[in-house]
Amino acid sequence: MEEMKNIDDSQYKAMIDQLKIQNTELSDALRAAEEENRAKSSFLSSMSHDIRTPMNAIMGMTSIALTHIDEKPRVLDCLQKIQTASTHLMNLVNDVLDMSRIASGRMTLSEEAFSLADMVHDITILLRPQAAQKHQEFHLEIGTIYEENLIGDPLHLRQIMVNIIGNAVKYTPENGLIHVNISQHFEQSTHIGQESETKVWLDFLCEDNGIGMSQEFLSKIFEPFERVNNTAIDKIEGTGLGMSIVKNLLDRMGGTITVESEEGNGSRFHVSIPFAAAPPVKDAQTLPAGQTVLIAESMDRRAQQIVTYLKDGGMEPVHLQSGMDAVTWLTEAQYENRMPCALLLGQELNDMSALDVATHVRELAGEDFPIILVAETDWAQIEYRATRAGISAFVPCPLFKSRLFAALSELTYKAQRSRSDRAGNFVDYGQYRLLLVEDNELNREIAVELLSQTGVQIETAENGLRAVEAFENSPEGYYDLIFMDIQMPVMNGYDAARKIRQLPRKDAKSIWIVAMTANAFVEDIRLSKEAGMNEHCSKPIDADHLHEILRKRLSCEE
Ligand code: ADP
């Protein structure tokens, strides 16, 4: 009391204000706890109700089956209904477990490297048949993808995508339209005192022209057990937990979701999730950079995507719209000895079927020529007919760069190999002399070992300067070919090639100089051409590469 007397009015007021604040905080906390309790009870009662419905069906149908045990059709009908109800029950239990794992914080997100291409193909295989059953048009498109290999949680990403696309299929009537687009954008974030970090955001868009939802329902779409309340929905299997799980997962993953919809006019879901980029996987074979690839496809969007990918890989795409044009083009190319390294056949050609084109091309280009089908088709269904028609490989759509490149590099490598196997039987390269310029001793030794299998005579130099000297000191026409590494100490391959070309002797201009690099990117090819090199090939060079190059060299002499 004594103390209270010493408190002046302003202090007293401050204490009252403080108490008021504490009071408000306490009532907020109470309200939140009550709200959480209410949510939990309503969750429990919805769950019990949802579990009871299929349980009733299972119990009811079991007793009917038992009563009519001798009537096979009746028992069969009961068993089928039991099966449907148990699947529903199983889904419900799984969803509830997922929900409780997420809510209690027991769900851990994994951090693993995964391939977006593999995941999207798995999803397509799962959902396309469901859409086909309802005769829906199902388009899954790939926009700009910077990183195909990501680090994150693939299982939960898959769950999000399957839930959203699965709903689009479910809530869109027969003959409807479902359009999915997957692309990426980068985000550079800088935190004070830390290195800047680059995130790859996966943008996933799913649109349908199905039954849609009212604005009122949209506000509670992410609440557990909420389903649009009408008779159409009642007939569609569902637990009302999918969207809630999606939202919770996205919150944990740092992602976002927006939904736009109109009753009777379809829905549009847009999801963005951040990932880190995984280190690139080293390809076993390299692309035939700098070579021509013919594309026959009348669907412009698809053709443009292929053209962009091929250009990124350093190849020279030629695009034709029709099958007949492609056959004519190849006939002329064959005649003029400028065949492309492969033909990519699209799924839509405005005049002939892809398989008919393949049959013609196989006949004219021989058994080794790579013909690759790039399509949305279910390969298992057409594989027999397609291989008989001469298709060498299939690349599924949605089209990912890695898949296209893997097929191209494998087939062109095989084709080159069998061509050189045949050529190797009758060409004697013993008369040719080659200068191999490579700074790494071990690489040099391996290359000499491999290249000598062709019978060609090999001399070596350990850097660009030594190569220039060796050439300068040799009699005119002594060397037929120079294989030049690019990155070397003392003098690099570009400078050495330039120096050789400038030497005042006749063969300085005509000697074949072949650049050897680990990667064959467009930029490398441009630089080697600018330095006056004739050819470009990727390391490691082997006997097949050499056969190919020697043959080219020979055909230039003729
Ligand atoms: P369900 O298991 O019922 O599909 P979800 O949580 O996945 O549960 O979705 C909740 C509800 O949202 C659905 O029951 C449906 O009423 C509505 N919904 C979700 N996606 C769509 C869509 N693409 N079109 C129309 N309604 C949708």
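Order of listing sets the numbers, starting from 1, for every ligand and every atom in it. Throughout, residue positions are numbered sequentially from 1 according to the sequence presented. Because the structure is predicted, anything quoted here is derived from the model rather than measured.
- Nearest protein neighbour of atom 10 (C) of ligand 1, counting heavy atoms only, is Glu226 O, 3.4 Å.
- Where the criterion is an N or O separation shorter than 3.5 Å, residue side chain and backbone included, Gly240 meets it with respect to ligand 1.
- Salt-bridge formation is not detected for the pair Asp368/Lys414: no Lys NZ or Arg NE/NH1/NH2 atom is positioned less than 4.0 Å from an Asp or Glu carboxylate oxygen.
- In this structure, Phe222 does not count as a contact residue of ligand 1, since none of its heavy atoms falls inside 4.0 Å of the ligand.
- Taking CG of Asp153 as the start and CG of Leu249 as the end, the distance is 8.0 Å to the nearest 0.5 Å.
- What sits closest to atom 23 (N) of ligand 1 on the protein, heavy atoms only, is Asp208 OD2, 3.0 Å.
- Geometrically, ligand 1 and Asn163 share no nitrogen or oxygen pair separated by less than 3.5 Å.
- Atoms of ligand 1 lying under 4.0 Å from at least one heavy atom of Ser267, given by number and element, are 22 (C), 23 (N), 24 (N), 25 (C).
- Scanning the protein heavy atoms around atom 26 (N) of ligand 1, the nearest turns out to be Met213 CG, 3.5 Å.
- Within the structure, ligand 1 has Gly212 among the residues with a heavy atom less than 4.0 angstrom away.
- Remark: ligand 1 atoms within the under-4.0 Å shell around heavy atoms of Val228 are 16 (O).
- Between Lys311 and Glu316, no side-chain nitrogen of the basic residue sits less than 4.0 Å from a carboxylate oxygen of the acidic one, so the salt-bridge criterion is not met.
- Between Ser244 and ligand 1, not a single N/O pair is under 3.5 Å apart.
- Under a 4.0 Å N-O distance rule, the pair Arg74/Asp77 does not qualify as a salt bridge.
- The Lys170 neighbourhood of ligand 1 comprises atoms 1 (P), 2 (O), 4 (O), with distances under 4.0 Å to a heavy atom of that residue.
- In terms of the side-chain hydrogen bond (donor to acceptor under 3.5 Å, both in side chains) criterion, Asn94 has no residue partners (sequence neighbours excluded).
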Please tabulate, for side-chain N and O atoms in residues 380-393, each donor-acceptor pair with protein atoms closer than 3.5 Å (sequence neighbours left out).
from, atom 1, to, atom 2, distance (Å)
Tyr384, OH, Arg388, NH1, 3.1
Thr387, OG1, Glu383, O, 2.4
Thr387, OG1, Tyr384, O, 3.2
Ser392, OG, Arg362, NH2, 3.2
Ser392, OG, Ile371, N, 2.8
Ser392, OG, Ile371, O, 3.1

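- Ligand 1 has a nitrogen or oxygen under 3.5 angstrom from a nitrogen or oxygen of Met243.
- Of the polar atoms of Ile211, none of the N or O atoms is found under 3.5 Å from an N or O of ligand 1, judged by distance alone.
- In this structure, the protein non-hydrogen atom closest to atom 3 (O) of ligand 1 is Arg227 NE, 2.5 Å.
- Taking the six-membered ring where the residue is Trp, the centroids of Phe275 and Phe114 are separated by under 6.0 Å.
- Between Arg403 and Asp118 a salt bridge is recorded (basic side-chain N to carboxylate O distance below 4.0 Å).
- Those atoms of ligand 1 with a heavy atom of Leu241 less than 4.0 angstrom away are 6 (O), 8 (O).
- Ranking protein heavy atoms by distance to atom 19 (C) of ligand 1, first place goes to Asn167 ND2, 3.5 Å.
- With hydrogens and angles left out, the side-chain atoms of Gln321 and Asp351 include no donor and acceptor closer than 3.5 Å.
- Looking at atom 4 (O) of ligand 1, its nearest protein heavy atom turns out to be Tyr171 OH, 2.7 Å.
- With respect to Lys134 and Glu174, no salt bridge is recorded, no charged nitrogen being found less than 4.0 Å from a carboxylate O.
- Considering only non-hydrogen protein atoms, atom 2 (O) of ligand 1 sits nearest to Thr239 N, 2.7 Å.
- From Ile221, atom CD1 reaches atom NZ of Lys247 across 11.5 Å, with rounding to the nearest 0.5 Å.
- For atom 12 (O) of ligand 1, the nearest protein heavy atom (residue, atom name, distance) is Phe217 CE2, 3.4 Å.
- Between His139 and His179, the two ring planes are tilted [angle within 30° to 60°].
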